[in-house]
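The first residue in the sequence is number 1, and the count goes up from there. Keep in mind that this is a model prediction, so the values were computed, not measured.
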Amino acid sequence: MAARQPRPVLLLPMGVSVVLLVTFSSLMPSSEAYDPLDPNGNITIKWDVLQWTPDGYVAVVSLYNYQQYRHIQAPGWKLGWVWAKKEVIWAMNGGQATEQGDCSKFKSNIPHCCKKNPEVVDLLPGTPYNMQIANCCKGGVLNSWAQDPANSVASFQVSVGQAGTTNKTVRVPRNFTLKSPGPGYTCGNAKLVRPTKFFSQDGRRTTQAHMTWNVTCTYSQMAAQKSPTCCVSLSSFYNDTIVNCPTCSCGCQSNKPESCIEGNSPHLASVVNTHDKDSLAPLVQCTSHMCPIRVHWHVKVNYKEYWRVKITVTNFNYRMNYTQWNLVTQHPSFDNLTTIFSFNYKSLNPYGVINDTAMLWGIKYYNDLLMTAGPDGNVQSELLFRKHPKTFTFEKGWAFPRRIYFNGDNCVMPPPDAYPWLPNASSRVMSSLLLPFIAIWTTLTFLMVYA
């Protein structure tokens, strides 16, 4: 029997492979639950049983946002679960179930919620004090750990009935879900942990919960939405080319009139005012990229020992103001950042010793609110970097960011071969392409003369 011939294998040159890898990775945002820039980021739900009642218990449920830069904005979080037995919610403080369910079997004392799978939301600011507890009543807004740690916790109190009254008879709920307010988070199983300890105000006495269980929820951009939500455009002082966001970065214009709206349309105001404001889908301005958010990185000035960048964030969404917005930018020069104007800054250091990742956000009461699409729908800042003699260069797109996140979502970058190049780069490229032809022409001339 003849030996089977091996199939031919197409081998790409190393340079081509690297270019293809970088190009596709920049065009396809990361969507895994694991975030390399925030590897330990998650939202942890802590359920503390603090008191036994005749038919159940009273617990405080807290949501801790341990994500560095990803937050939940209005209309806020929604937490759900499935009871293990036939539990009911007698009463709540600091939160409320969205539906009461069928409580018809109760004749006098009617529970707050009888659903097998309740969903709970935060109460609004201004709720009467007798309905509040600590860390409640923010309308479901849950800020990120790095940006606003004081407001990265939310809590509510729940009185549970028909649940058992000892550590051995209480059953842990299952199938936890967290919406923000749409999909995006995947929650694991509840795990019993050591009971939480509480300290008195003077720090001299410690009490503890009867039982505590934790649930960890992680975020996936693909689970949150099928399309990206932001894109990046580039420009520089040394090249007149403006590299726009890749076409159809967040979707393409369709023939449906409601897919987008022209910014100069005479019917703009009426469409925005009459559009379904309760919908979570963005109403965007018609553009080639169709993204709600565009981040523009402009290499502005070259000094002897410094170089300056201008960042502009533009909102193309007519339906949403972005409160507590933030950017995460990756560039090796953040290790040499000297001054930043009109933005807050925090180094993230996801790799421990390499300082190449920065978190930027607005200054409170100045530009921490990114308004809806229109003349006021943008924020901007400038960054001043010191040149590092061993690494600094304007060649081969080095001055542009490696990746950018807006509100925790990875933005679509232009392909590397589209970056603005130095003026003499084109001549170098052309020369390199002409060299083989010059060599062939010289060889033919030599053969014709001496043939």
Side-chain angles (χ1 to χ4, degrees), residues 25 28-47 61-74 76-80 122 135 138 140-155 176-191 193 196 213-225 228-230 293 295 322-331 334 343-362 368 401-413:
S25 63
M28 299 175 64
S30 174
S31 58
E32 301 86 359
Y34 173 78
D35 186 347
L37 299 187
D38 189 13
N40 299 315
N42 68 77
I43 291 181
T44 297
I45 301 161
K46 184 180 289 290
W47 193 300
V61 182
S62 300
L63 290 76
Y64 294 88
N65 187 2
Y66 292 123
Q67 298 173 115
Q68 293 269 31
Y69 44 80
R70 187 171 290 111
H71 63 271
I72 297 177
Q73 63 181 30
W77 53 264
K78 182 183 292 185
L79 179 65
D122 195 10
N135 297 317
K138 305 169 188 174
V141 174
L142 194 63
N143 290 336
S144 63
W145 182 258
Q147 187 171 350
D148 188 5
N151 291 302
S152 64
V153 183
S155 300
F176 277 84
T177 59
L178 177 63
K179 298 178 181 178
S180 59
Y185 286 91
T186 302
C187 301
N189 295 326
K191 296 181 179 180
V193 296
T196 304
W213 54 81
N214 287 352
V215 179
T216 302
C217 302
T218 54
Y219 180 84
S220 167
Q221 186 172 342
M222 179 172 288
Q225 61 272 319
T229 58
C230 56
I293 295 292
V295 182
Y322 292 90
T323 58
Q324 296 289 316
W325 61 269
N326 65 62
L327 286 178
V328 173
T329 306
Q330 194 171 37
H331 191 282
F334 276 111
F343 281 0
N344 289 306
Y345 160 81
K346 178 180 175 63
S347 175
L348 294 183
N349 287 336
Y351 310 114
V353 296
I354 304 175
N355 181 19
D356 67 347
T357 306
M359 177 177 170
L360 313 174
W361 68 97
D368 61 334
R402 306 308 184 253
R403 72 175 84 186
I404 289 181
Y405 287 19
F406 178 82
N407 278 359
D409 284 341
N410 199 354
C411 300
V412 178
M413 297 284 295

Look at the rings of Tyr64 and Tyr66 and say which category their plane angle falls in: under 30° parallel, 30 to 60° tilted, over 60° perpendicular. parallel
Using 30° and 60° as the class boundaries, would you call the ring planes of Trp325 and Phe343 parallel, tilted or perpendicular? perpendicular
Could you state the interatomic distance from [atom1] ([X]) to [atom2] ([Y]), rounded to the nearest 0.5 Å?
| X | Y | atom1 | atom2 | value |
| --- | --- | --- | --- | --- |
| Asn151 | Gln324 | CG | CD | 8.0 Å |
| Tyr405 | Leu348 | OH | CG | 11.0 Å |
| Ile43 | Ser180 | CD1 | OG | 7.0 Å |
| Gln330 | Arg403 | CD | CZ | 5.0 Å |
| Asp356 | Asn349 | CG | CG | 8.0 Å |
| Cys230 | Asn407 | SG | CG | 8.5 Å |

Any [X] side-chain heavy atom under 4.5 Å of [Y] side chain:
| X | Y | value |
| --- | --- | --- |
| Leu327 | Val295 | yes |
| Trp213 | Val193 | no |
| Val141 | Asp122 | no |
| Phe406 | Ile293 | yes |
| Thr44 | Val215 | no |
| Val328 | Thr357 | yes |
| Pro181 | Trp77 | no |

Any side-chain donor near an acceptor of the partner, Asn326 and Gln147, under 3.5 Å: yes
Looking only at heavy atoms, what is the nearest atom pair of [X] and [Y], with distance?
| X | Y | value |
| --- | --- | --- |
| Cys217 | Ile45 | SG-CD1, 3.7 Å |
| Val153 | Ser155 | CG1-OG, 4.2 Å |
| Ser347 | Asn355 | OG-OD1, 2.6 Å |

As a quick check of understanding, evaluate side chain to side chain contact (heavy atoms under 4.5 Å, CB included) for Tyr322 and Gln73, giving each step before the final call. CA-CA 8 Å; Tyr322 292 90; Gln73 63 181 30; 3.9 Å; yes
In terms of heavy-atom contacts, does CG of Asn189 have more than 12 from other residues, nucleotides or ligands at under 6.0 Å? no
Apply side-chain hydrogen bond (donor to acceptor under 3.5 Å, both in side chains) to the pair Tyr219 and Asp409, showing each step before the final yes or no. CA-CA 10 Å; Tyr219 180 84; Asp409 284 341; 2.9 Å; yes
With Lys179, which residues qualify under salt bridge (charged side-chain N to carboxylate O under 4.0 Å, His left out), at least two apart? Glu119
Quick one: list whatever passes side-chain hydrogen bond (donor to acceptor under 3.5 Å, both in side chains) with Lys46, sequence neighbours left out. Asn214
Evaluate the side-chain hydrogen bond (donor to acceptor under 3.5 Å, both in side chains) criterion for residues Asn42 and Thr216: first the C-alpha distance (whole Å), next the side-chain angles of each, then the deciding distance (0.1 Å), finally the verdict. CA-CA 7 Å; Asn42 68 77; Thr216 302; 4.8 Å; no
Among pairs that include at least one residue of residues 63-73, which meet salt bridge (charged side-chain N to carboxylate O under 4.0 Å, His left out), considering only residues two or more places apart or in two chains? Asp35-Arg70
